[in-house]
Trainee: 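Here's a structure for you.
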Amino acid sequence: MISVRELITDRSFAQEFILIRQTGQFINGRWVNDPIKRIRMKGVIHPLSAKELMKVPEADRITGSIKIYSREPLYVTTTSGNRISDKVLWKDQEWKIISINNWSDHKHYSAIATRISGH
Amino acid sequence: MIRSIREIEDLFQPIIVGLLNWEDQSNNVRMGWQTEGVPAFGIEDNMIFFTVSAVDSPVSFPYDATVFESSPDLAIQTSYTRVLEISFVAYGSDAVQNLTKLRFGFFKEATHHLLLKEQIFLVADVPAIRRVPENFEGRWWERADVKMQFNELVSDYEDIGSVESVDIEVWDRRGLQETININK
């Protein structure tokens with residue numbers, strides 16, 4: 001039986017990436033970020049959708065998404081811990097996590113993240 | 001003064017908190033459209049979200065321009081009335097009541113004076129508060145909406161140069177006869 005948990009850290013598949021964790025708080029109704037935490041992590045990342053060009057009148061926008069497998073928990077925006085979605089720094093781009101699959105019973109997590117810079 | 005939308009939001013937020021007497025839960029009055037997204041709230045939480053945008057109105061058409069002395073030169077002040085539409089969305093079991101309190105609150109003399117200092121005036125024609133419960137993940141979340149409009153005086157100042165000196169030349173058929181220099 002294949003253990004996804006082991007594959008995630010297998011040298012043939014795994015790679016290092018930086019996770020950007022952002023907490024914050026509301027001050028006078030406006031969200032104010034705490035200093036970000038950069039966490040070095042290891043996991044499997046692969047493109048989910050091809051990088052696409054959106055032709056809009058103002059500029060060419062670049063979109064795309066990736067899938068991440070990790071042994072460590074990944075988060076989307078939640079009131080617990082007052083945090084907004086984690087971001088992943090991968091291939092010189094920031095990707096924001098928009099969806100989590102909690103496979104913690106099987107000792108891993110998977111997430112989908114979208115490219116956020118837009119250019 | 002040309003206020004940014006952010007400045008207008010920051011101006012209104014404490015006023016709304018005060019009108020609802022929510023000083024101990026001031027962060028339950030929140031601005032919408034925050035850049036990175038923010039954590040949500042529970043079905044039982046009484047919340048107010050508001051967004052600000054300018055809208056078209058005939059009162060915005062007149063455009064005033066006044067020239068006045070301003071050391072060392074002259075300045076021009078241009079102004080017009082911007083009509084701000086503030087969209088209020090209330091959640092929680094008291095959503096309708098809370099917007100009703102806000103409606104009463106904005107008509108109060110004290111609120112009028114607060115906004116007067118900022119040259120902002122409620123447009124008295126406030127529409128009905130609509131109850132619009134929202135179906136989210138299998139449950140109906142109590143919600144109410146209302147939009148209120150406010151007239152705001154928007155002014156811009158610009159220093160404009162004045163004439164420092166004028167050279168006048170008097171000519172006739174024989175040529176230049178006289179040069180006169182007039183200084184400020």
Side-chain angles (χ1 to χ4, degrees), chain A residues 18-39 56 58-59 61-66 68 73-90 93-102 109 111-119, chain B residues 3-52 86-92 95 98-99 101-102 105 114 118 136-137 139 141 148:
Chain A
I18 303 287
L19 186 87
I20 300 170
R21 185 148 289 160
Q22 182 74 73
T23 56
Q25 55 195 308
F26 286 101
I27 298 177
N28 297 326
R30 195 180 290 286
W31 180 259
V32 178
N33 287 324
D34 297 333
I36 57 170
K37 283 183 194 153
R38 285 171 178 265
I39 305 165
V56 294
E58 300 77 23
R61 292 277 191 202
I62 299 169
T63 65
S65 54
I66 55 173
I68 305 146
L74 305 164
Y75 295 107
V76 282
T77 303
T78 168
T79 45
S80 156
N82 256 359
R83 56 169 68 101
I84 56 174
S85 286
D86 288 339
K87 290 176 193 159
V88 169
L89 190 60
W90 184 69
Q93 290 290 330
E94 283 190 8
W95 308 76
K96 184 170 184 164
I97 292 179
I98 57 162
S99 159
I100 297 281
N101 286 313
N102 186 342
Y109 298 81
I112 293 171
T114 55
R115 194 176 187 276
I116 58 172
S117 72
H119 55 82
Chain B
R3 283 194 192 88
S4 67
I5 293 295
R6 190 187 173 100
E7 286 171 324
I8 295 165
E9 289 171 342
D10 288 341
L11 192 153
F12 270 88
Q13 200 269 354
I15 293 175
I16 299 164
V17 168
L19 294 179
L20 294 167
N21 291 320
W22 280 7
E23 281 76 6
D24 58 340
Q25 47 177 350
S26 62
N27 285 316
N28 285 17
V29 177
R30 297 179 185 169
M31 300 79 169
W33 295 326
Q34 300 204 37
T35 308
E36 293 285 346
V38 297
F41 53 94
I43 195 166
E44 297 300 331
D45 297 331
N46 279 299
M47 307 289 300
I48 301 279
F49 295 89
F50 69 101
T51 51
V52 179
I86 303 190
S87 173
F88 295 96
V89 174
Y91 283 95
N98 287 331
L99 288 187
K101 270 190 209 169
L102 270 192
L114 266 178
E118 307 295 337
F136 179 69
E137 301 289 18
R139 290 193 293 179
W141 290 50
M148 297 187 199

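Remember, predicted model here, so these are calculated numbers, not experimental data. Heavy atoms only: backbone and side chains are in, while hydrogens, waters and symmetry mates are out. Chain letters run A, B, ... following the sequence lines, proteins first and then strands; every chain starts at 1.
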Trainee: Taking the six-membered ring where the residue is Trp, are the ring centres of B/Phe88 and B/Phe12 under 6.0 Å apart?
Mentor: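 B/Phe88 vs B/Phe12: aromatic centres not under 6.0 Å.
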Trainee: Heavy-atom cut-off 4.5 Å, strictly under: side chain, backbone, both or neither for A/Thr79 against chain B?
Mentor: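 Backbone plus side chain of A/Thr79, per the 4.5 Å heavy-atom cut-off to chain B.
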Trainee: Sort A/Ile27 into side chain, backbone, both or neither according to what part of it lies under 4.5 angstrom from a heavy atom of chain B.
Mentor: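 The backbone, not the side chain.
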Trainee: Does any donor atom in the side chain of B/Gln25 or B/Asn28 lie under 3.5 Å from an acceptor atom in the other side chain?
Mentor: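 A donor-acceptor contact under 3.5 Å links the two side chains.
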Trainee: Kindly confirm or rule out a cation-pi arrangement of A/Arg83 over A/Tyr75, judged by NZ or CZ under 6.0 Å from the six-membered ring centre and within 45° of its axis?
Mentor: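 Judged by the rule (NZ or CZ under 6.0 Å from the ring centre, within 45° of its axis), A/Arg83 counts as positioned above A/Tyr75.
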Trainee: Atom NZ in A/Lys87, atom CD1 in A/Ile36: separation rounded to 0.5 Å?
Mentor: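 Spacing of NZ (A/Lys87) from CD1 (A/Ile36) equals 7.5 Å.
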Trainee: What part of B/Val29 gets closer than 4.5 Å to chain A, counting heavy atoms only: side chain, backbone, both or neither?
Mentor: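 The answer is the backbone of B/Val29.
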Trainee: Tell me, side chain or backbone of B/Glu36 under 4.5 Å from chain A's heavy atoms, or both, or neither?
Mentor: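 B/Glu36 touches chain A through backbone and side-chain heavy atoms alike.
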